[in-house]
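Okay, so here's the structure we're looking at.
Counting starts at 1 for both ligands and their atoms, following the listed order.
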Amino acid sequence: MTDCQGDGEGASTPMELYERLGAQGDKVRSLKSAKAEKAEVDAAVQLLLKLKIDYKQMMGQDYKAGCPPSEEAAAPDNGPAAEGDEDTVDPWNVSTTNAKGVDYEKLIVKFGSSKIDKELVDRIEKVCGQKPHRFLRRGVFFSHRDMHQVLDAYEKHKSFYLYTGRGPSSEAMHVGHLIPFIFTKWLQDVFDIPLVIQLTDDEKYLWKDLTVEECHRFAIENAKDIIACGFDLNKTFIFSDLDYMGASPEFYRNVVKIQKHVTFNQVKGIFGFTDSDCIGKISFPAIQAAPSFSNSFPQIFGSRSDIQCLIPCAIDQDPYFRMTRDVAPRIGYPKPALLHSTFFPALQGAQTKMSASDANSSIFLTDTPKQIKNKINKHAFSGGKDTVEEHRKYGGNPDVDVSFMYLTFFLEDDEQLEKIRQVREEIGPQTRSD
Ligand code: TRP
């Protein structure tokens, strides 16, 4: 347990104060759960409040657990969100009360990332000389960190590499899992660059009720689905952590360098770990960070540690890479750049993402066309009116209609998509049972 660390006096940096706040918050919680004397709890709460005031004075914004005061997290404070107004987005939970899905504009502000605006899409088109992928045209990839810097360097003939990954928690992958891979394949094609794909079977062993052997087997099974996306065989390295960590001294060296530069309080703040989480979870973020540095892969990059990394991923993985970007300059490496995607909606609606643990919310890569049709007809939320009659009369709402949202991910033809959107609006989604 974290012991009393004194008060805010003497905290010379925002990070120190932030860490003290995290520790004091833990102390209050543990006193409460141990049913300590009221006076003791009150004193701890008083100190916590005082630290929060000190923090606000120092930073000009409220303390927020999970948002350490690094430049990455320098997000302006928009005031406390109304109860129930906040979307939840972290590596383990995605939920919102809004049928249109998570408010991604707000998330950009909260995470302190940048919007992928028209200017950036145009620039990508100019630099790679190809029509932008539909995920860029339609805002599926909507947020980034340092993408302009990657393009500046690329224009000066300084290349970069791609890194993405998958936590193999089940045998079958679903269509939502494919989004980052489909986009990564396009990036690899248009920029003609190396790609590393991390399969975090170790992570799934630590988090789920699975054996090491099962997780490793899922990694191999998932690798087959990933390979089927069509990556360049000569430029792609797919690895299981359980295999590669022990086989690559260079990879492990980077893991320990990262471990040395992140405190328990920082990962508590970023990931919400508690004192009762196993130590494997606490150190895991260093393992997800390591592939962001090119010298983790000497078989590809030799001893070069200066090759820029670009990570396409769903936005829920950003906490890992905020941490990575914070550590990178301190261990002499470039910060990885990022491209963030929205979530692929569950069949029941965009309030949450598609999840393999709920078979009815998911379309698996192993489902037959007939199964898919049945799932869509039976479960896909149409956002229509209360009765079929009303629905026919007033039309559907493409903003919340899940089968329409799926088309925005998968239908290539912009004109056809727009036509379907208009038809949906006019007559509602009963057209899909045609
Ligand atoms: N943690 C991710 C998951 O559970 C897997 C992952 C590892 C990943 N490295 C990554 C995802 C890099 C995106 C980018 O699915």
Side-chain angles (χ1 to χ4, degrees), residues 89-94 111 113 135 140-141 143-145 160-185 187-188 194-208 210 215-216 218-219 221-223 225-226 229 231 236-245 251 254-255 258 267 270-273 280-294 296-297 309-325 327-328 335-344 353-357 362:
V89 174
D90 64 41
W92 303 280
N93 300 291
V94 173
F111 283 8
S113 60
F135 291 171
V140 170
F141 275 77
S143 154
H144 76 103
R145 295 184 190 274
F160 60 98
Y161 74 101
L162 297 163
Y163 158 40
T164 191
R166 148 107 188 122
S169 51
S170 62
E171 181 138 4
M173 284 172 63
H174 61 60
V175 285
H177 292 137
L178 285 184
I179 304 306
F181 292 108
I182 291 172
F183 189 58
T184 302
K185 143 105 178 114
L187 288 168
Q188 182 180 50
L195 159 67
V196 297
I197 300 175
Q198 178 179 47
L199 301 174
T200 51
D201 39 12
D202 52 350
E203 175 191 16
K204 295 301 145 183
Y205 170 67
L206 291 165
W207 260 270
K208 305 256 165 179
L210 296 166
C215 294
H216 187 254
F218 292 160
E221 288 309 311
N222 290 182
D225 288 335
I226 293 168
C229 291
F231 298 105
T236 305
F237 177 55
I238 306 187
F239 62 98
S240 127
D241 282 344
L242 290 172
D243 290 334
Y244 190 61
M245 269 278 277
F251 189 92
N254 277 340
V255 170
I258 300 158
V267 288
I270 300 170
F271 299 98
F273 295 147
K281 286 188 185 177
I282 291 153
S283 59
F284 172 76
I287 301 173
Q288 181 151 336
S292 315
F293 306 128
S294 60
S296 293
F297 306 100
C309 174
L310 173 65
I311 308 172
C313 63
I315 185 92
D316 62 335
Q317 297 298 304
D318 188 65
Y320 286 105
F321 303 117
R322 285 205 291 269
M323 185 199 88
T324 310
R325 287 169 54 89
V327 175
K335 291 181 182 190
L338 286 134
L339 291 170
H340 297 124
S341 74
T342 61
F343 302 109
F344 193 79
K353 64 173 177 170
M354 191 171 268
S355 157
S357 49
S362 294

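- The closest heavy-atom contact to atom 9 (N) of ligand 1, among the options Tyr163, Tyr320, Trp92, comes from Tyr163.
- Where the criterion is an N or O separation shorter than 3.5 Å, residue side chain and backbone included, Gln198 meets it with respect to ligand 1.
- For ligand 1, the atoms sitting less than 4.0 Å from at least one non-hydrogen atom of Cys313 are 13 (C), 14 (C), numbered in the order shown with element in parentheses.
- For Lys204, the heavy-atom gap to ligand 1 drops under 4.0 angstrom.
- Shortest contact from atom 2 (C) of ligand 1 to any protein heavy atom: Gln317 OE1, 3.3 Å.
- Between Phe271 and Phe284, the ring center distance fails the sub-6.0 Å criterion.
- Using a 4.0 Å cut-off between a side-chain N of Lys or Arg and a carboxylate O of Asp or Glu, Asp316 and Lys353 qualify as a salt bridge.
- A 4.5 Å side-chain heavy-atom check between Phe231 and Ile197 finds at least one atom pair inside the cut-off.
- Within the 4.5 Å cutoff, side-chain heavy atoms of Phe239 are placed close to those of Pro291.
- The contact set between ligand 1 and Gln288, taken as ligand atoms under 4.0 Å from a residue heavy atom, comprises 1 (N), 2 (C), 6 (C), 7 (C), 8 (C), 9 (N), 10 (C).
- With contacts defined as side-chain heavy-atom distances shorter than 4.5 Å, the pair Phe293/Thr324 qualifies.
- At a heavy-atom distance under 4.0 Å, only side-chain atoms of Phe321, from C-beta outward, approach ligand 1.
- Ligand 1 has a nitrogen or oxygen under 3.5 angstrom from a nitrogen or oxygen of Gly167.
- Atom 14 (C) of ligand 1 has its nearest heavy-atom neighbour, among Gly165, Pro91, Pro285, in Gly165.
- Taking a cut-off of under 4.0 Å to the non-hydrogen atoms of Thr200, the atoms of ligand 1 that pass are 5 (C), 7 (C).
- Ring geometry for Phe141 against Phe135 counts as parallel: the plane angle stays under 30°, on a 0 to 90° scale with 60° as the upper cut.
- In terms of polar-atom proximity, Glu203 is counted as a contact of ligand 1, with an N or O under 3.5 Å from an N or O of the ligand.
- Counting heavy atoms from C-beta on, the side chains of Cys215 and Asp202 never come closer than 4.5 Å.
- Residues Arg325 and Arg145 approach most closely at NE-CD, 3.5 Å, considering heavy atoms.
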